[in-house]
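All remarks here apply to the structure that follows.
Computation of the quantities below employed the complete heavy-atom set of this structure, encompassing side-chain atoms and omitting hydrogens, waters and symmetry-equivalent molecules.
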Amino acid sequence: SLIELFDSSIAKYRDRPAFHSMGKTISFDELDKRSRDFGAWLQSRGLAKGARVAIMMPNCLQYPIAMFGTLRAGCTVVNVNPLYTARELEHQLKDSGAEAIVILENFGAVLEQVRARTPVKHIVVTSLGEMLGVKGVIVNLVVRKVKKMVPPYELPGAVSFKQALSEGSSKSLATPPLDHNDIAFLQYTGGTTGVSKGAMLLHRNIIAALLQYQAWLAPAIRDERAVIVTALPLYHIFSLTVNCLVMMVVGGENILITNPRDIPGFVKELGKHKYSIITGVNTLFNALLNHPDFAKLDFSSVRLAVGGGMAVQKAVAERWKQVTGTPLIEGYGLTETAPSATANPMNVGEFTGSIGVPMPSTEVVLRDDNDRDVPHGQPGEICIRGPQVMAGYWQRPDETAKVIGSDGFLHTGDIGIMDEKGYIKIVDRKKDMILVSGFNVYPNEIEQVVAMHPGVLEVAAIGVPDEHSGEVPKIFVVKRDPQLTEQDLLEHCKKELTGYKRPKYVEFRSDLPKTNVGKILRRALREEKKAA
């Protein structure tokens with residue numbers, strides 16, 4: 001189980017730093033002791049093996065302590081996005097059947113609204129500074145001073161994080177027998193295609209993913225102690241596995257960034273650390289590159305930059321290489337694959353424009369609408385089979401049957417093309433495809449081209465109804481250059497795209513709708529147009 005992996009890592013790396021946040025570092029030894037205390041507290045509250053524990057926090061030291069403590073108690077972790085509305089939180093707590101929740105005080109008011117309608121019996125409330133000692137007192141004062149950051153709430157019976165650890169320290173922890181088929185995480189899908197569903201990630205799925213990443217990362221990490229910058233939230237499957245859990249296995253340190261949207265603060269924090277790996281999404285790398293102080297940083301220790309969660313744009317990847325000297329390597333996966341599916345090898349020196357090749361022990365086939373394999377070079381739905389593929393959606397056999405075939409292949413809904421070497425390029429999501437006079441147009445391709453224009457900061461493309469051709473492409477653009485005009489972009493696209501792929505409409509925006517991880521939401525733009 002993951003606990004055996006955890007125990008062997010603690011034994012090997014006990015004195016090494018494990019997590020750093022806001023100037024405070026905890027070692028693997030402290031992580032061991034504190035997570036033990038938290039697990040003992042959960043058991044003392046009567047939580048049995050398999051009980052679900054929700055964790056609703058941004059990146060802070062309490063997260064790994066609560067997460068490992070939950071697993072050590074034999075319970076299942078339910079990661080909750082801290083920015084959820086009351087409706088979304090109620091759905092997830094009810095759907096998962098969570099009996100306990102660890103929540104940052106900033107979101108206590110949201111929990112208060114729905115608590116009575118959920119199965120939650122035990123509440124642990126923490127503050128951003130609670131684990132930071134004297135510095136934490138200052139952080140808490142600052143956070144509370146900005147009243148909006150901690151709206152008033154009432155959660156009778158809730159205990160503080162420190163109180164839970166203190167009570168647990170005098171109790172014993174008895175990790176129940178766990179095997180490959182126990183559920184480690186209920187990881188809810190972003191819900192970009194409908195209601196949010198809990199992917200059942202078993203201990204074996206996560207262990208397989210960790211072994212795959214370890215094998216894949218080995219050439220980059222070598223024997224050095226890895227230090228990874230963790231800006232993506234740990235409740236997101238990419239950050240949870242690639243940053244938090246892989247570093248546990250290799251004895252690396254996570255530099256936790258609590259608010260990656262504060263780019264000046266983020267750049268300042270990067271200047272304080274000799275880090276070897278950074279992970280993120282395209283929008284994050286782009287934002288860093290557009291901050292004047294980023295290029296002044298020392299990148300001599302950086303071995304690896306990994307982009308996932310959304311397509312990495314060529315313009316961003318090329319600028320990243322130019323500024324940092326390190327290629328931006330793209331990988332691909334889903335919540336349902338814990339999340340590894342494909343990645344570019346560590347030795348690619350340049351941006352490939354592809355999501356790479358299948359991870360170790362992973363099979364990838366591309367299929368048409370009749371579930372038949374398509375030949376190389378032809379677009380088809382990316383289907384994945386491997387030890388990291390989820391057991392199914394929690395209490396949703398009907399939804400599971402829609403995505404996992406009788407042959408064990410997971411249907412991703414993403415359309416790709418594979419070349420003779422096994423490299424795969426994503427051309428789009430099935431549902432995002434634009435149909436122009438019977439021709440398939442993929443928004444990713446339009447976005448890649450528009451993003452190459454130096455005056456463009458961000459772009460999203462969707463299909464809008466057209467009486468002549470059924471649909472035509474429309475782009476939404478955030479300007480980098482205030483002088484940029486619609487004509488400039490249409491001329492640029494004329495050079496790069498064949499007639500039917502060219503955007504017919506351009507709309508300038510001050511920002512684009514995004515998920516909390518920074519992925520641009522085309523769906524929200526489509527729904528806006530429908531409503532209008």
Side-chain angles (χ1 to χ4, degrees), residues 38-57 62-63 65-126 153-161 163-165 167-168 171 173 175-176 178 181-191 194-203 234-235 237 240 335 390-400:
F38 187 74
W41 182 83
L42 289 174
Q43 287 188 339
S44 75
R45 290 295 171 114
L47 271 79
K49 178 182 171 180
R52 271 81 61 209
V53 176
I55 301 180
M56 188 170 174
M57 291 188 280
Q62 295 90 309
Y63 180 92
I65 293 168
M67 189 263 290
F68 285 116
T70 299
L71 293 172
R72 293 176 78 178
C75 299
T76 295
V77 174
V78 180
N79 277 311
V80 182
N81 183 331
L83 299 182
Y84 265 172
T85 61
R87 183 190 59 79
E88 292 162 325
L89 176 60
E90 182 180 343
H91 165 72
Q92 193 165 325
L93 294 177
K94 274 182 174 166
D95 191 75
S96 63
E99 292 176 46
I101 184 168
V102 189
I103 186 169
L104 192 72
E105 61 175 3
N106 306 48
F107 316 111
V110 182
L111 178 60
E112 182 188 352
Q113 290 174 53
V114 302
R115 176 187 186 173
R117 298 190 295 277
T118 71
V120 170
K121 300 187 199 76
H122 310 286
I123 300 173
V124 179
V125 179
T126 189
Y153 63 87
E154 279 188 38
L155 293 169
V159 301
S160 72
F161 196 70
Q163 191 184 333
L165 295 183
E167 288 176 12
K171 309 269 191 295
L173 171 73
T175 301
L178 294 167
N181 295 313
D182 285 306
I183 304 172
F185 295 92
L186 275 189
Q187 195 71 18
Y188 279 73
T189 62
V195 68
S196 190
K197 303 177 286 283
M200 293 186 283
L201 299 178
L202 311 180
H203 280 260
L234 290 168
Y235 61 78
I237 189 64
L240 173 69
T335 300
M390 67 168 184
Y393 294 119
W394 174 251
Q395 297 178 335
R396 298 267 167 89
D398 51 333
E399 291 291 331
T400 303

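Smallest separation of non-hydrogen atoms from A100 and L42: CB-CD2, 4.4 Å. Taking each heavy atom of M57 and A66 in turn, the nearest pair found is CE-CB, 4.3 Å. Residue A199 comes nearest to T335 through the heavy atom pair CB-CG2, 4.0 Å, listed as atom of the first residue, atom of the second, then distance. Considering all non-hydrogen atoms of both residues, A48 and C75 come closest at O-SG, 3.7 Å. Annotation for L71 and A184: closest pair CD2-O, 3.6 Å, computed over non-hydrogen atoms. Annotation for P176 and A73: closest pair CD-O, 3.6 Å, computed over non-hydrogen atoms.
F161 meets the ring-ring contact (aromatic ring centres under 6.0 Å, His included) test with F38; sequence neighbours excluded. Listed by chain and number, the residues in a salt bridge (Lys or Arg N to Asp or Glu O under 4.0 Å) with K171 amount to none (sequence neighbours excluded). Take T85 and apply the side chain to side chain donor-acceptor pair (under 3.5 Å) test, not counting sequence neighbours, and it matches E88. Residues forming a side chain to side chain donor-acceptor pair (under 3.5 Å) with N79 (at least two apart in sequence, or on another chain): Y63, Q187. For R52, there are no salt bridge (Lys or Arg N to Asp or Glu O under 4.0 Å) partners two or more places apart in sequence or in a different chain. With sequence neighbours excluded, the residues satisfying ring-ring contact (aromatic ring centres under 6.0 Å, His included) with F68 are F6. Every side chain to side chain donor-acceptor pair (under 3.5 Å) that E90 has, sequence neighbours left out, goes to K94, R117. With sequence neighbours left out, R45 forms a salt bridge (Lys or Arg N to Asp or Glu O under 4.0 Å) with E167. In this view, K121 and E99 satisfy the side-chain contact (heavy atoms from CB on, under 4.5 Å) rule, not counting sequence neighbours. Applying the side chain to side chain donor-acceptor pair (under 3.5 Å) criterion to Q62, with sequence neighbours excluded, gives T126.
To the nearest 0.5 Å, the span separating CG on D182 from OG1 on T76 amounts to 7.5 Å.
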- Message: Please determine whether side chain to side chain contact (heavy atoms under 4.5 Å, CB included) holds for the pair F107 and L89, giving the CA-CA distance in whole Å, both sets of side-chain angles, and the decisive distance to 0.1 Å.
- Response: CA-CA 11 Å; F107 316 111; L89 176 60; over 6 Å; no
- side chain to side chain contact (heavy atoms under 4.5 Å, CB included) between L93 and L111: does it pass, once the steps are laid out? CA-CA 10 Å; L93 294 177; L111 178 60; 3.9 Å; yes
- Task: Could you walk me through whether V78 and Y188 pass the side chain to side chain contact (heavy atoms under 4.5 Å, CB included) test, one step at a time?
- Result: CA-CA 8 Å; V78 180; Y188 279 73; 4.0 Å; yes
- Task: Check the pair I55 / L234 against side chain to side chain contact (heavy atoms under 4.5 Å, CB included), numbers first and verdict last.
- Result: CA-CA 10 Å; I55 301 180; L234 290 168; over 6 Å; no
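Under a 3.5 Å cut-off, the side chain of T175 and the backbone N or O of R72 do form a donor-acceptor pair. Side chain of H203 to main chain of L178: no donor-acceptor pair is present (N/O by atom type, distance under 3.5 Å, no hydrogens or angles). Listed for the Q43 side chain is no donor-acceptor partner under 3.5 Å among the backbone atoms of L173.
Contact check for T400 versus M200: no side-chain heavy atoms found under the 4.5 Å cut-off. In this structure the side chain of I123 reaches within 4.5 angstrom of the side chain of R115, judged on heavy atoms. Side-chain contact between L201 and I237 is present, with heavy atoms from C-beta onward closer than 4.5 Å. Two residues are said to be in side-chain contact when any heavy atoms from C-beta on lie closer than 4.5 Å; H122 and W41 meet this criterion. Within the 4.5 Å cutoff, the side chain of V102 has no heavy atoms near those of the M67 side chain.
Note on residues 100-110: pairs passing salt bridge (Lys or Arg N to Asp or Glu O under 4.0 Å), not counting sequence neighbours, are E105-R144.
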Per-pair distances, 0.1 Å, donor-acceptor, side chain in residues 390-398, under 3.5 Å, sequence neighbours excluded:
| residue | atom | partner | partner atom | Å |
| --- | --- | --- | --- | --- |
| Y393 | OH | E336 | OE2 | 2.5 |
| W394 | NE1 | D95 | O | 2.8 |
| R396 | NH2 | D95 | OD1 | 3.0 |

